Amino acid sequence: MITLDAIGTFALIVGLLTLTPGLDTALILRTAALGHRRRAWGVVLGIQSGTLVWGVLSSLGVTALLTASHLAYETLRWVGAAYLVWMGGKLLWATWRQASSESPQTAETRGATSTRVETNARAGVDDTLLSGWWHGAVTNLLNPKMGAFYVAVLPQFLPAGASHLASGALLAGVHILLAIGWACALIAFAHVLRGRLQRPSVRRYLDRVTGTVIAAFGVRLALGQ
């Protein structure tokens with residue numbers, strides 16, 4: 001049976017990982033800041049669904065094959081990198097197209113609600129829980145570094161003689177609970193500042209920053225860093 005000390009140590013490791021600013025934080029903050037509450041929670045649930053999958057596969061030893069097979073790892077790495085670059089580039093292109101098609105006066109005087117509807121239509125944003133879940137899950141599952149992290153860390157906490165599947169799912173559950181708690185704080189923070197963050201000029205700036213961060217993660221992943 002897995003001990004409380006092992007759970008506490010694992011929680012400390014993944015807690016620090018969760019608090020470190022990264023792709024997940026950028027996705028959740030950007031989605032929530034633009035007023036997409038349902039989509040933001042969908043992103044959170046999708047990311048954590050991916051975490052659960054990585055945890056279960058690692059406990060079963062499946063992801064060890066990923067790290068052992070150079071071809072499998074490289075394939076997933078390049079697919080993930082291409083997806084992130086495409087996602088970041090699409091976000092940047094949408095903001096540039098919006099800026100070029102709006103006059104400054106129109107952009108600053110338009111109401112937040114109508115602006116959100118128009119921006120969603122132009123960027124192809126589907127503000128639903130399911131679309132957010134899909135977005136978060138794909139982003140997480142196409143990140144081979146997530147699998148490598150679980151392969152390197154999880155086996156150290158799996159007790160001998162116990163069910164690896166049950167123990168792995170338990171530890172992944174601890175990670176998920178911590179991540180959801182942090183996501184609650186991020187969404188609440190974005191909700192408090194939603195008035196300012198939904199101004200068209202601020203939204204474009206936020207989208208450009210987020211798009212750049214996502215694309216940069218993709219480039220970094222492609223370079224193997």
Side-chain angles (χ1 to χ4, degrees), residues 10-55 80 83-85 87-88 90-92 94-95 112-113 115-117 119-120 123-143 145-146 149-150 153 171-218 220-221:
F10 182 80
L12 177 61
I13 294 173
V14 296
L16 293 175
L17 177 67
T18 299
L19 294 176
T20 302
L23 179 60
D24 293 350
T25 300
L27 286 175
I28 295 170
L29 259 182
R30 183 260 172 184
T31 307
L34 299 185
H36 311 315
R37 296 291 297 277
R38 289 173 297 181
R39 184 177 173 85
W41 279 112
V43 169
V44 173
L45 295 176
I47 290 172
Q48 302 320 315
S49 295
T51 298
L52 180 60
V53 171
W54 282 121
Y83 175 74
L84 292 177
V85 171
M87 184 167 59
K90 181 181 179 182
L91 190 58
L92 290 171
T95 63
T113 302
T115 303
R116 181 166 65 251
V117 172
T119 303
N120 289 351
V125 174
D126 184 8
D127 187 15
T128 63
L129 189 73
L130 182 59
S131 66
W133 178 87
W134 175 256
H135 188 57
V138 170
T139 301
N140 186 282
L141 291 174
L142 288 181
N143 184 3
K145 292 188 175 181
M146 188 69 176
F149 169 79
Y150 265 88
V153 174
L171 292 173
V174 171
H175 189 179
I176 290 170
L177 288 176
L178 292 174
I180 290 178
W182 177 236
C184 288
L186 292 175
I187 293 175
F189 173 75
H191 182 70
V192 170
L193 298 179
R194 68 188 184 281
R196 294 182 179 181
L197 293 174
Q198 288 183 13
R199 292 175 58 187
S201 58
V202 177
R203 292 182 58 164
R204 282 195 296 271
Y205 176 77
L206 180 62
D207 277 357
R208 286 171 183 172
V209 171
T210 306
T212 301
V213 169
I214 293 174
F217 268 100
R220 184 179 178 183
L221 183 59

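Worth saying up front: this structure is predicted, and the values here are computed from it rather than measured.
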To the nearest 0.5 Å, tell me how far Leu23 CG sits from Thr139 OG1. 6.0 Å
Heavy atoms only: give me the nearest His175-Leu17 pair and the separation to one decimal. CE1-CD2, 4.3 Å
Work out which heavy atom in Ile180 is nearest to a heavy atom in Gln48; give both atom names and the distance. CG1-CG, 3.9 Å
Nearest 0.5 Å, what's the OG1-CE distance between Thr51 and Met146? 3.5 Å
Taking all non-hydrogen atoms of both residues, which atom of Leu27 and which atom of Thr31 are closest, and how far apart? O-OG1, 2.7 Å
At what distance, to the nearest 0.5 angstrom, does CD1 of Ile13 lie from CZ of Phe149? 6.5 Å
In Å, rounded to the nearest 0.5 Å, how long is the span from CH2 of Trp41 to CD1 of Ile28? 8.5 Å
I need the Ser49 OG to Leu141 CG distance, nearest 0.5 Å. 8.5 Å
Min side-chain heavy-atom separation Val44-Trp133 under 4.5 Å: no
What heavy-atom pair brings Ala11 and Val174 nearest, and what distance separates the two atoms? CB-CG1, 3.8 Å
Are side-chain N/O atoms of His191 and Arg37 paired as donor and acceptor at under 3.5 Å? yes
Pair Asn140-Trp54, side-chain donor/acceptor within less than 3.5 Å: yes
How far apart are the closest heavy atoms of Leu186 and Leu29, and which atoms are they? O-CD2, 3.8 Å
Gly55 to Ala172 - nearest heavy-atom pair and separation: CA-CB, 4.1 Å
Quick one: pull up CD1 in Ile47 and CG in Leu52 and give me the separation to the nearest 0.5 Å. 14.0 Å
Would you say the side chains of Thr128 and Arg39 form a donor-acceptor pair under 3.5 Å? no
Contact between Ile187 and Trp182 at the side-chain level, heavy atoms closer than 4.5 Å - yes or no? no
